Amino acid sequence: LMAGILYIVPTPVGNLEDMTFRAIRVLKEADLILAEDTRTSSVLLKHYDIHGRLESHHKFNEHKTSEMIKQRILAGLNVALISDAGTPGISDPGFLLVRTCVQEGIEVQTLPGATAFVPALVSSGYPCDRFCFEGFLPQKKGRQTRLTELSQESRTMIFYESPYRLVKTLEQFAEFFGAERECSVAREISKKFEEHKRGSLHEVASWYKEHEPKGEIVIIVAGAPEKKKEKIGKLYRCVGKKLEEIKVAQAGDLCIAAKLAVTKTSDTLAASQDALPLVKLRLPEPVYSMAVAAKEKRDDDKLSTRKNVN
């Protein structure tokens with residue numbers, strides 16, 4: 001007997017037209033549909049004339065039901081998992097069932113489709129080539145530790161939040177990330193009253209104090225600016241690479257240029273003094289010494305030439 005397949009089927013986060021043709025077909029053909037809330041999903045299924053068998057699978061019972069569902073799939077049933085909105089497993093039940101099936105060697109097919117954070121991220125205007133998805137932060141234990149770690153995160157950050165906790169969360173972000181850190185709050189993605197509020201954490205928090213938020217919330221926070229030492233480090237790595245490619249005489253000029261660049265880009269004298277010694281640390285000592293010696297020798301030669309001309 002051939003085992004069945006577990007299908008992970010995304011459902012619209014707002015507009016019912018975001019449902020894909022393939023998702024509708026899979027749900028119609030499935031032997032069993034697992035739903036986070038059968039009452040919510042019944043509305044969607046009725047809209048698309050889907051009448052398959054429907055059972056509940058949510059965070060309160062998934063530890064108990066995952067093993068049972070695995071056995072039914074092994075017996076040949078094709079099972080489709082849906083959540084109230086979006087892609088199962090993304091801040092919704094689904095991970096445990098998928099892991100159980102993968103460990104058993106059961107085929108898992110996840111359909112592409114709706115998820116709230118992707119349109120919120122792309123619409124934010126912040127870099128989306130690299131980002132980190134945090135979902136819902138822990139409410140108590142570990143929250144401050146996590147925020148402290150994220151305060152140095154340079155990638156764009158994505159959070160889910162309840163409208164009732166939005167202002168408090170934005171104020172907490174301002175405390176850990178800085179009040180001037182840029183953010184974008186996306187509300188009611190794909191619905192009639194979709195809204196994107198952009199600005200500093202302080203500005204957006206103040207706005208929502210005066211305008212009570214409603215609906216599903218996605219918070220996009222700009223990553224932390226790169227530290228100056230990291231930028232300086234990139235400069236040194238570039239210098240070191242060039243030193244391997246050019247003559248020692250030319251390297252002398254490049255080392256001096258690196259020193260000047262570090263000095264000019266430092267905001268304070270103290271920062272400059274801390275950074276300058278790193279030039280030697282980033283370059284092999286023999287090469288650095290030879291480069292500087294070559295530079296000094298050329299300078300002496302130029303001075304001698306001028307004296308002779310005079």
Side-chain angles (χ1 to χ4, degrees), residues 8 10 13 85-92 94-95 98 110 112-163 165-190 194-205 207-208 213 216-238 241 262 265-267 271 275 278 282:
I8 308 301
V13 296
T87 301
I90 304 297
S91 294
D92 276 325
F95 162 69
V98 170
T110 301
T115 188
F117 81 81
V118 173
L121 170 63
V122 175
S123 297
S124 71
Y126 302 129
C128 49
D129 54 336
R130 297 175 65 248
F131 58 87
C132 65
F133 175 77
E134 290 293 321
F136 289 98
L137 288 173
Q139 288 304 304
K140 295 181 180 179
K141 187 177 180 180
R143 185 180 180 91
Q144 292 195 349
T145 300
R146 190 72 192 118
L147 287 172
T148 300
E149 294 170 349
L150 290 172
S151 66
Q152 303 301 317
E153 175 59 65
S154 61
R155 296 171 295 178
T156 302
M157 296 175 284
I158 305 167
F159 305 90
Y160 285 166
E161 190 51 282
S162 159
R165 295 191 297 265
L166 176 60
V167 172
K168 183 178 179 180
T169 295
L170 291 173
E171 291 177 337
Q172 197 170 30
F173 284 178
E175 177 186 346
F176 281 85
F177 303 157
E180 298 307 311
R181 181 79 71 88
E182 292 293 309
C183 74
S184 172
V185 172
R187 188 177 67 83
E188 297 286 76
I189 290 288
S190 189
E194 178 174 338
E195 174 185 80
H196 298 264
K197 188 65 179 176
R198 304 175 181 87
S200 69
L201 286 166
H202 172 72
E203 291 169 343
V204 177
W207 196 87
Y208 278 113
E216 301 296 324
I217 303 290
V218 183
I219 307 173
I220 310 295
V221 180
E226 284 190 277
K227 294 180 180 179
K228 285 174 185 167
K229 283 190 177 182
E230 292 176 350
K231 291 183 178 179
I232 291 170
K234 290 181 180 179
L235 173 64
Y236 295 149
R237 287 192 291 273
C238 179
K241 185 177 180 180
V262 172
T265 54
S266 299
D267 287 344
L278 292 177
R282 293 286 179 175

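None of the values given here were measured: they were computed from a predicted structure.
The two atoms that bring Ala222 and Met157 nearest to each other are O-CE, 3.9 Å, heavy atoms only. For the residue pair Arg155 and Cys132, the shortest heavy atom distance occurs at NH2-CB, 3.8 Å. For the residue pair Ala186 and Ala120, the shortest heavy atom distance occurs at CB-CB, 3.7 Å. Taking all atoms of both residues into account, the shortest heavy-atom contact from Ser190 to Val13 is CB-CG2, 4.0 Å. Scanning both residues, Pro163 and Pro213, for their nearest heavy atoms gives O-CG, 3.4 Å.
In this structure, Leu166 and Val185 have side chains that are in contact, with non-hydrogen atoms separated by less than 4.5 Å. Under the 4.5 Å side-chain criterion, counting only non-hydrogen atoms from C-beta, Thr169 is not in contact with Ile217. Residues Phe173 and Leu150 form no side-chain contact, since every pair of their non-hydrogen atoms from C-beta on lies 4.5 Å or further apart. Counting heavy atoms from C-beta outward, Asp92 and Thr87 have side chains that stay 4.5 Å or more apart. Counting heavy atoms from C-beta outward, Leu147 and Phe177 have side chains that approach closer than 4.5 Å. Here the side chains of His196 and Pro119 are not in contact, with every heavy-atom distance at 4.5 Å or above. Side-chain contact between Phe117 and Phe159: absent, with no pair of heavy atoms (C-beta onward) separated by less than 4.5 Å. Residues Arg165 and Ser162 meet the side-chain proximity criterion, which asks for heavy atoms closer than 4.5 Å.
A distance-only check finds no donor-acceptor pair linking the side chain of Gln172 to the backbone of Lys168 [under 3.5 Å]. A donor-acceptor pair is defined here as one N or O able to donate and one able to accept, closer than 3.5 Å; no such pair exists between the side chain of Ser184 and the backbone of Arg198. Counting only distance, with no hydrogens or angles, the side chain of Arg181 and the backbone of Ser151 share a donor-acceptor pair below 3.5 Å. Checking side-chain atoms of Ser200 against main-chain N and O of Glu203 turns up a donor-acceptor pair under 3.5 Å. Checking side-chain atoms of Tyr126 against main-chain N and O of Leu121 turns up no donor-acceptor pair under 3.5 Å.
Atom CD1 of Ile219 sits about 12.5 Å away from atom OG of Ser124, to the nearest 0.5 Å. In this structure, the separation between OG on Ser123 and CD1 on Ile189 is 6.0 Å, given to the nearest 0.5 Å. Leu170 CG to Glu175 CD: the interatomic distance, rounded to the nearest 0.5 Å, is 13.0 Å.
Taking a 6.0 Å sphere around NE2 of His202, one finds it holds 12 or fewer heavy atoms contributed by other residues, nucleotides or ligands. Around CD of Glu216, the count of heavy atoms belonging to other residues, nucleotides or ligands within 6.0 Å does not exceed 12. Within a 6.0 Å sphere centred on CD of Gln144, other residues, nucleotides and ligands contribute 12 heavy atoms or fewer.
Ring pair Tyr160/Phe136 is perpendicular by interplanar angle, where above 60° counts as perpendicular and below 30° as parallel.
Salt bridge annotation for Glu149-Arg146: present, with a cationic side-chain nitrogen under 4.0 angstrom from a carboxylate oxygen.
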